[in-house]
Peer 1: 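Here's a structure for you.
Computed over heavy atoms, backbone and side chain alike; hydrogens, waters and symmetry mates excluded. Atoms within each ligand, like the ligands themselves, are counted from 1 in listed order.
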Amino acid sequence: MATSEIPISQNFIHDIIDKDNASGKYGRRVHTRFPPEPNGYLHIGHAKSICLNFGTALKYGGQCNLRFDDTNPSKEETEYVDSIQEDVKWLGFDWEDRLFYASDYFGKLYDYAEQLIEAGHAYVCDLTADEIRRYRGTLTEPGKDSPYRSRSAGENLDLFRRMKAGEFPDGARVLRAKIDMASPNLNMRDPVLYRIMRAHHHRTGDTWCIYPMYDYAHPLSDAWEGITHSICTLEFEAHRPLYDWCLDILGQFKPRPVQIEFARLNVTYTVMSKRKLRALVENGRVAGWDDPRMPTISGLRRRGYTPGAIRDFCGRIGVAKADSVVDYALLEHCVREDLGPKAPRLMAVLRPLKIVLTNYPEGRSEDLPAELNPENEALGTRTMPFGRELYIEQDDFMENPPPKYFRLTPGGEVRLKSAYIIKCEQVVKDSGGNIVELRCTYDPDTKSGGAGSARKVKGTIHWVAAGGAIPCEVRLYDHLFPLEDPETGDEDFLSRVNPGSLVTLAALAEPALGAAQYGGRFQFIRQGYFAADPGSTPGKPVFNRIVGLKDSWAKIQK
Ligand code: ATP
Ligand code: MG
């Protein structure tokens, strides 16, 4: 990515880096990392962190590592590792040869733990998880020392080695840091560093039956990789003293990395934790992690969002210390801005109503030229067949129109975009009274671009000719949840999924859309932006609506 495309503007983290560069603290080195836990697919919140970490490295000519925080084998899978790499690349970032795993360091982490024990800074504790919690105290009451806190270094070392050798059952013992049971910060009350867990690890297999905790593995991984600025979200603020303790206690890491916290991204009308997104997938509320309604990167990609639009969004939301919720409409605004000049504008009728032009000769047809995007002449033109039978949108006709309805009405006229003016002469209904066809006439002197085209009518509508029309499936999406904040109230967010969040239609598109393939993005005139779904086959495209044309964000800003 060119430095001119850096998605993130100056923020308080950059101010800190500027100071460090001025003082020479890290020798003007800037090294960040994006550290996902491979326990789910990435979401738009992670995109913020990716843009911040990789974007900051780009800005300062530094480096950013991709590191999998794979310290909890019970929830982690290779599928997630693969999808995360795909997503980061798709967003346009490059970790070059710096792909790491916390599990790369299991050996070193273990050795460092032995050093902590030998120096009297860690001990093996036999309390149960419940007892540890009770001994920890509360925000208002100090904790109580574990009865095992005074074990000798020799005894601790022996027990820790036997933990590693698999002599004790899961959960029987833990290794704890020996810090301060009266600390006002609960994270400093002898936090657990290692636990016994017999779980198959996606990379180390069954080599280990003890696993390090995140709070212990993370600072050391950062230090060993030469990270300078370890950027994470606010919930880790209270863990920072422990981060520093792990790096300072044996005095080995100078200058050590500094942890800096920023507010996580929340977006209206959706949930944003991997746990909740996994619940949606596992309970069949969505079709998968890449369901186009999901706020996952893979869902947004399938929906048709562009990496550029997501980077633009991440730049606009800014980086701050205070939690906030961003309007989903901003994300939609960003993709419209990106696609407006780029996407070819074509016609598709989503809910077709048949029109017969009674004065158009049977068996005749003509090819009408039309530009692909008036904002971008370079896209050129295509031709559309025009003939006696056509389709328009059902709601572009009303038998009993309200005032100011400028589309087609009985006896009324409308312009067919890039074609002719037509007049509705007769409404044909089935036995149930449903409108099944309109018999119309066209005015041959009103061809768009022709000599008679100056004649004006109030409405212009889109259409497709029956001959050559491509039958396609069109999927319209609405917010996954009808509530701005689906996380308020009880835990039962699953039951709140918007039942109208997916509407599938059998539509008809102009012939130029027949060859649409995955990756293709279009504006369907008057209907919004659409992307060809990976499930498209030659001659039978499937289109996902990315977003409609009405920009509520642009309106809010005015
Ligand atoms: P979740 O709560 O959604 O499961 P997580 O924080 O457990 O997310 P990680 O895989 O640990 O997910 O996150 C990797 C990085 O992405 C972390 O540095 C984390 O702080 C950051 N991150 C996660 N969610 C968000 C968010 N909503 N906004 C910004 N950054 C985020
Ligand atoms: Mg996490």
Peer 1: So that I can tick it off, tell me whether R67 and D222 are bridged by a salt bridge, with the cut-off set at under 4.0 angstrom between side-chain N and carboxylate O.
Peer 2: yes
Peer 1: Taking NZ, NE, NH1 and NH2 as the nitrogens, is one of them in R302 or D533 under 4.0 Å from a carboxylate oxygen of the other?
Peer 2: yes
Peer 1: Considering both backbone and side-chain atoms of R33, is one of its nitrogen or oxygen atoms within less than 3.5 Å of a nitrogen or oxygen in ligand 1?
Peer 2: no
Peer 1: Below 3.5 angstrom, do we get any N/O pair linking L265 and ligand 1?
Peer 2: yes
Peer 1: Not counting sequence neighbours, list each pair that qualifies as a ring-ring contact (aromatic ring centres under 6.0 Å, His included) and has a residue in residues 50-75.
Peer 2: H14-Y60, F54-F93, F68-Y101
Peer 1: Testing Y211, W208, Y216 one by one against Y194 for a ring pair (Phe, Tyr, Trp, His ring centres under 6.0 Å), which residue passes?
Peer 2: Y216
Peer 1: For ligand 1, is there an N or O atom under 3.5 Å from any N or O atom of R275?
Peer 2: no
Peer 1: Does E37, backbone or side chain, put an N or O under 3.5 Å from an N or O of ligand 1?
Peer 2: yes
Peer 1: What residues, two or more places apart in sequence or in another chain, satisfy side-chain contact (heavy atoms from CB on, under 4.5 Å) together with F262?
Peer 2: F12, I13, K48, S49, L52, I231, T233, V319
Peer 1: Can you find an N or O of F236 that's nearer than 3.5 Å to an N or O of ligand 1?
Peer 2: no
Peer 1: Looking at H46, which atoms of ligand 1 are within less than 4.0 Å of one of its heavy atoms?
Peer 2: 8 (O), 9 (P), 10 (O), 12 (O), 13 (O), 14 (C), 16 (O), 22 (N), 23 (C)
Peer 1: Distance under 4.0 Å to a non-hydrogen atom of F262: what atoms of ligand 1 satisfy this?
Peer 2: 29 (C), 30 (N)
Peer 1: Run the salt-bridge test on D111 and K108 with the 4.0 Å N-O cut-off and return the result as yes or no.
Peer 2: no
Peer 1: Hey, which atoms in ligand 1 end up nearer than 4.0 Å to a heavy atom of P36?
Peer 2: 10 (O), 14 (C)
Peer 1: Using a strict cut-off of 4.0 Å, indicate which atoms of ligand 1 neighbour a heavy atom of H43.
Peer 2: 3 (O), 24 (N), 27 (N)
Peer 1: Under 4.0 Å from a heavy atom of P35: which atoms of ligand 1 are those, numbered in the order shown and with their elements?
Peer 2: 14 (C), 18 (O)
Peer 1: For the pair D478 and R293, find out whether any cationic side-chain nitrogen is under 4.0 Å from an anionic carboxylate oxygen.
Peer 2: no
